[in-house]
Amino acid sequence: MAPLEALERDYPLIDSVFRLFCASRGIFTVEDFLVHDLHALEAFAERGNAPDKLIQGIKQVLSIIEYQSRPWSNGLELLDDARLNKHALSTGYQSIDSLLQGGFREGHVTELVGPSSSGKTQVCLKAASHVARKYSGTVMYFDTGNSFSPKRIAQFVCQSSDPTNTEGNKTVQRVMRSIVCHPVFDMFALLDMLHQLMGDLKSQIGCQVRMLIVDSLSSLIAPVLGGSGAHGHALMVTAGFLLKELAHEHNISVVVTNHMVGGEAGVSKPALGESWKSIPHVRLLISRYSATKDSTISILKHPYLATGKTADFAVS
């Protein structure tokens with residue numbers, strides 16, 4: 001297998017510092033990882049100068065090994081997988097479902113971009129409540145800014161059921177139990193949780209996960225992108241590939257939110273730059289009309305739907 005040095009161009013986490021750490025343990029190639037005690041290696045990394053970065057480098061190499069060992073799939077197998085396992089999950093907004101031909105699709109990373117107060121979090125909460133109510137399985141909600149509102153979730157559920165009767169109350173309780181919220185406040189915590197979720201799903205620990213929401217992803221990534229170093233960029237790409245792997249391998253609909261920043265001539269554009277732009281399968285822009293409480297959603301990027309199509313929806 002390839003020497004570690006050959007991987008640095010595509011995987012910036014495998015830099016000279018990480019390779020020096022590996023060399024101190026007699027590891028010079030990807031193949032060396034396969035015969036090394038990984039628990040001892042992680043324990044040694046935790047005693048280093050930058051334990052978080054070293055451990056993420058170890059996980060990066062392991063993901064490379066796993067990716068290279070996967071069997072190839074032909075077009076027919078991929079088509080069958082899409083038809084049988086990659087379903088559209090209704091968002092709870094009829095107009096958005098119609099625009100997207102069913103809703104947020106399993107196997108896709110869908111990015112919601114828009115300015116502050118445009119309705120991104122409300123769409124996430126509505127989709128979480130609707131998926132938890134309509135489909136079997138769990139909704140994972142990674143909350144990066146204390147924006148998760150259980151009261152709002154309950155309100156969405158109550159709009160379609162009567163909470164005053166026994167059956168309606170049971171529905172609210174079932175939905176709330178099906179949504180698992182985790183506060184996440186830094187990039188390393190997010191990567192750890194994604195790796196943990198990947199391990200749990202591979203080991204079939206816990207319930208089936210239908211949807212994973214990260215609101216907001218950009219608030220975690222933006223702080224580590226500053227400066228001229230490649231470390232922040234590497235963390236962002238690693239998180240993106242983990243989200244795509246979770247979506248594809250475990251048939252999860254992944255939804256992330258991103259804010260807007262100033263662009264050329266004062267025109268706003270999605271944050272996180274060109275490198276991130278290629279990661280989501282779907283990018284949707286949410287804007288809010290100033291005169292009303294209604295919002296509009298536009299397709300900026302989609303694997304098979306035309307860009308530029310829009311739909312209006314009421315946030316409240």
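Below, all heavy atoms of this structure are taken into account, side chains as well, without hydrogens, waters or symmetry copies.
Phe104 places none of its side-chain heavy atoms less than 4.5 Å from the side chain of Val254. The shortest side-chain heavy-atom distance between Val256 and Leu112 does not fall under the 4.5 Å cut-off. Side-chain atoms of Phe241 and Met236, non-hydrogen and from C-beta on, never get closer than 4.5 Å to each other. No side-chain heavy atom of Asp312 sits under 4.5 Å from any side-chain heavy atom of Asp294. By the 4.5 Å heavy-atom criterion applied to side chains, Val282 and Pro303 are counted as neighbours. For the pair Leu194/Leu246, a side-chain contact is recorded, criterion being any heavy-atom separation below 4.5 Å from C-beta on. Within the 4.5 Å cutoff, side-chain heavy atoms of Ile299 are placed close to those of Leu99. Considering only heavy atoms from C-beta on, Phe185 comes within 4.5 Å of Asn146 through its side chain.
Classification of Glu111 and Arg283 as a salt-bridged pair holds, one side-chain N sitting under 4.0 Å from a carboxylate O.
To the nearest 0.5 Å, atoms NE2 (His259) and OG (Ser268) are separated by 10.5 Å. Going from atom OH of Tyr93 over to atom NE2 of His130 covers 11.0 Å, rounded to the nearest 0.5 Å. Taken from SG in Cys22 to CD1 in Ile14, the straight-line distance is 8.0 Å, to the nearest 0.5 Å. Thr257 contributes atom OG1, which lies 12.5 Å from atom CG of Leu284 (distance to the nearest 0.5 angstrom). Atoms NE2 and CG, from His108 and Leu100 in turn, are 11.0 Å apart once rounded to the nearest 0.5 Å. Of the inter-residue distances, the one linking Met140 atom CE with Cys181 atom SG reads 9.5 Å to the nearest 0.5 angstrom.
Cluster annotation: Val315 and Met260 are assigned to distinct hydrophobic clusters (Ile/Leu/Val/Met/Phe/Trp/Tyr, side-chain heavy-atom contacts under 4.5 Å, transitive).
When only modelled atom types and interatomic distance are considered, Thr138 and Ser178 share no side-chain donor-acceptor pair under 3.5 Å.
Note: Phe142 and His182 have perpendicular aromatic rings, judged against thresholds of 30 and 60 degrees for the angle between ring planes.
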As a quick check of understanding, evaluate side-chain contact (heavy atoms from CB on, under 4.5 Å) for Lys120 and Ser216, giving each step before the final call. CA-CA 9 Å; Lys120 300 186 297 295; Ser216 125; over 6 Å; no
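Annotation: cation-pi pair Arg25/Phe21 absent, no NZ/CZ under 6.0 Å from the ring centroid and within 45° of its normal.
Within a 6.0 Å sphere centred on CD of Gln94, other residues, nucleotides and ligands contribute 12 heavy atoms or fewer.
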